[in-house]
Amino acid sequence: MVSDYPRTSGRRPTRYVGRHGSYYYFPSAWTDASSGVSYQSGYYDEYGNRYENVSFAQEDGSYKNVVCECEYCGTRKVMDVEAGAVLHCDACGGTMKIVSTVDELVRTETLDYPDNGDGVSTAGSAPARKGLTALFILIFVIAIAFIAGIFSFIRSASHGMGVTQQSGYGNQEPIPIYSTAESYDYTVYLTRTGDGVYSIVNQGDAYDKEVVWYDEYQSYYDAETDCYLWYNEELDPPVWQYWYEGISSDYGDYGWMEYDETEKQWYIEQNSGNWIPLPASYDASRLWHIE
């Protein structure tokens, strides 16, 4: 089902193996060239059935980023759910039900792009081979880890959380690299520098907001504003992109947003490659961005 997933999408799909089923997460909408079947961004099982959202149990039995709906007024909210807790609606006080599919995670596999069209290889969970092959793999992994550790130490010593890159508007500033599964910080700390404006600070410094990376969304998430965000390095220059529930969700498979520092204006992707100023009908007072 995923052998033709387009390399140009920028982010690889992920397979989540749970106790009750397996789920593929596609970060972008795409069409399978072999079968002609179109897929939206989101979760699908091995039979091609789409799920609105999937949440996996944490070590304490709780679930994070669960879509819940009030049985009385229909209000929806993404929230963390404790095991056995009774959920109440903030709007009317009614009982909320869980809309997300919930499961217990067994393992996660980041799917690689096919090299020759024969299929998709997965990383990580295959049983180790025996004999000399296993020894070679062990030595190779240790060598890679050692080199990666040296690189990480040099980068941390030189730049703290980030590396110096050219920003989108001509200023030099420390920007962390987080957009790929191989190189991101699980938590980004932000300090408020203006109305709806934040800057990245080092871990241990005073901060006003923190956003946490979730593999299942391939994005960071801010529960306070119900916002998903990621640093899109596929663009030149790279740029932070945001998905605000209640705004972005009105645009189907699109809806990612960017903030133009020069124009002091939010833009939203209306359809493929078509970015428009955020319509005035939306309340922009809750929106924030990283400068």
Do the two ring centres, one from Tyr44 and one from Tyr51, sit under 6.0 Å apart?
no
Working for salt bridge (charged side-chain N to carboxylate O under 4.0 Å, His left out), residues Lys64 and Asp80
CA-CA 4 Å; Lys64 290 186 176 294; Asp80 295 344; 3.8 Å; yes
Does the side chain of Tyr214 come under 3.5 Å of the side chain of Gln218 through a donor N or O and an acceptor N or O?
no
Side-chain donor-acceptor pair under 3.5 Å between Thr193 and Glu291, yes or no?
yes
In terms of side-chain heavy atoms, does Trp288 have a donor or acceptor partner in Thr225 at a distance below 3.5 Å?
yes
Quick check: closest heavy atoms across Glu210 and Tyr189, and the distance to 0.1 Å?
OE1-CE2, 3.4 Å
Is there a side-chain contact between Ser22 and Arg15, using heavy atoms and a 4.5 Å cut-off?
yes
Side-chain touch Val81/Leu87, heavy atoms, less than 4.5 angstrom:
yes
Rounded to the nearest 0.5 Å, what separates atom OH in Tyr254 from atom CD in Glu269?
7.0 Å
Among the clusters formed by ILVMFWY side chains lying less than 4.5 Å apart, do Val86 and Val102 turn up in the same one?
no
Would you tabulate the side-chain donor-acceptor contacts of residues 70-79 under 3.5 Å, counting partners in other chains and residues two or more places apart, or write 'none'?
| unit_1 | atom_1 | unit_2 | atom_2 | d |
| --- | --- | --- | --- | --- |
| Arg76 | NE | Glu69 | OE2 | 2.8 |
| Arg76 | NH1 | Glu52 | OE1 | 3.1 |
| Arg76 | NH1 | Glu52 | OE2 | 2.3 |
| Arg76 | NH2 | Glu69 | OE2 | 3.4 |
| Lys77 | NZ | Asp90 | OD2 | 2.7 |

If hydrophobic clusters are built from ILVMFWY residues whose side chains come within less than 4.5 Å, do Tyr267 and Tyr228 share one?
yes
Taking every heavy atom of Pro238 against every heavy atom of Glu233, the minimum-distance pair comes out as CB-CA, 3.9 Å
Correct closest heavy-atom pair for Val106 and Gly18 would be CG2-C, 3.8 Å
Distance-only donor-acceptor check, side chains Tyr221 and Asn65, under 3.5 Å:
no
Please report whether the ring centroid of Tyr23 lies less than 6.0 Å from that of Tyr43.
no
Just how far is it from atom OG1 of Thr101 to atom CG of Asp45, taken to the nearest 0.5 Å?
9.0 Å
Correct closest heavy-atom pair for Asp32 and Tyr39 would be CB-CE1, 4.1 Å
Do Leu235 and Gln241 have side chains that get closer than 4.5 Å, going by heavy atoms?
yes
Quick check: is Leu287 connected to Trp240 through a chain of hydrophobic side chains (ILVMFWY, heavy atoms under 4.5 Å apart)?
yes
Gln265 and Asp260 side chains, donor-acceptor separation under 3.5 Å:
no
Between Asp250 and Gly246, which heavy-atom pair has the shortest distance, and what is it?
OD2-O, 3.6 Å
Do we see a donor-acceptor contact under 3.5 Å between the side chains of Trp243 and Glu245?
yes
Within the 4.5 Å heavy-atom criterion, are Ile268 and Tyr282 side-chain neighbours or not?
no
With a 4.5 Å heavy-atom cut-off, do Glu258 and Trp275 have their side chains touching?
yes
Please walk me through it: do Gln58 and Tyr63 pass side-chain contact (heavy atoms from CB on, under 4.5 Å)?
CA-CA 6 Å; Gln58 307 296 302; Tyr63 295 87; over 6 Å; no
Quick one: do the Ser55 and Ser100 side chains pair a donor with an acceptor below 3.5 Å?
no
Inter-residue atom distance Met257.CE - Ser248.OG, 0.5 Å rounding:
5.5 Å
Between Tyr251 and Leu229, is there a shared hydrophobic cluster once you connect ILVMFWY residues whose side-chain heavy atoms come closer than 4.5 Å?
yes
Pairwise side-chain contact, Leu105 with Tyr16, heavy-atom cut-off 4.5 Å (strictly under):
yes
If you look at every heavy atom in Gly42 and Arg50, which pair is closest and at what distance?
CA-NH2, 4.2 Å
Determine, step by step, whether Val37 and Thr31 satisfy the side-chain contact (heavy atoms from CB on, under 4.5 Å) criterion, reporting the C-alpha distance in whole Å, the side-chain angles of both residues, the deciding distance to 0.1 Å, and the verdict.
CA-CA 6 Å; Val37 176; Thr31 299; over 6 Å; no
Distance-only, no hydrogens or angles: does the Asp103 side chain make a donor-acceptor pair with backbone N or O of Arg19 under 3.5 Å?
yes
Are side-chain N/O atoms of His289 and Glu261 paired as donor and acceptor at under 3.5 Å?
yes
Answer with yes or no whether the hydrophobic clustering places Val17 together with Phe26; edges join I, L, V, M, F, W, Y residues whose side-chain heavy atoms lie under 4.5 Å apart.
no
Evaluate side-chain contact (heavy atoms from CB on, under 4.5 Å) for Val201 paired with Leu190, printing each intermediate quantity in order.
CA-CA 6 Å; Val201 296; Leu190 305 169; over 6 Å; no
With a 4.5 Å limit on heavy-atom distance, are the side chains of Tyr207 and Arg192 in contact?
no
Would you call Leu278 and Ile247 a side-chain contact if the rule is heavy atoms closer than 4.5 Å?
yes
Checking Lys209 against Glu224 for the side-chain contact (heavy atoms from CB on, under 4.5 Å) test, could you report, in this order, the C-alpha distance in whole Å, the side-chain angles of both residues, the deciding distance, and whether it holds?
CA-CA 9 Å; Lys209 181 189 290 291; Glu224 180 182 5; 3.1 Å; yes
Would the number of heavy atoms belonging to other residues, nucleotides or ligands and lying under 6.0 Å from CG of Asp195 be above 12?
no
Would Tyr220 and Trp230 count as a close aromatic pair, with their ring centres under 6.0 Å?
no
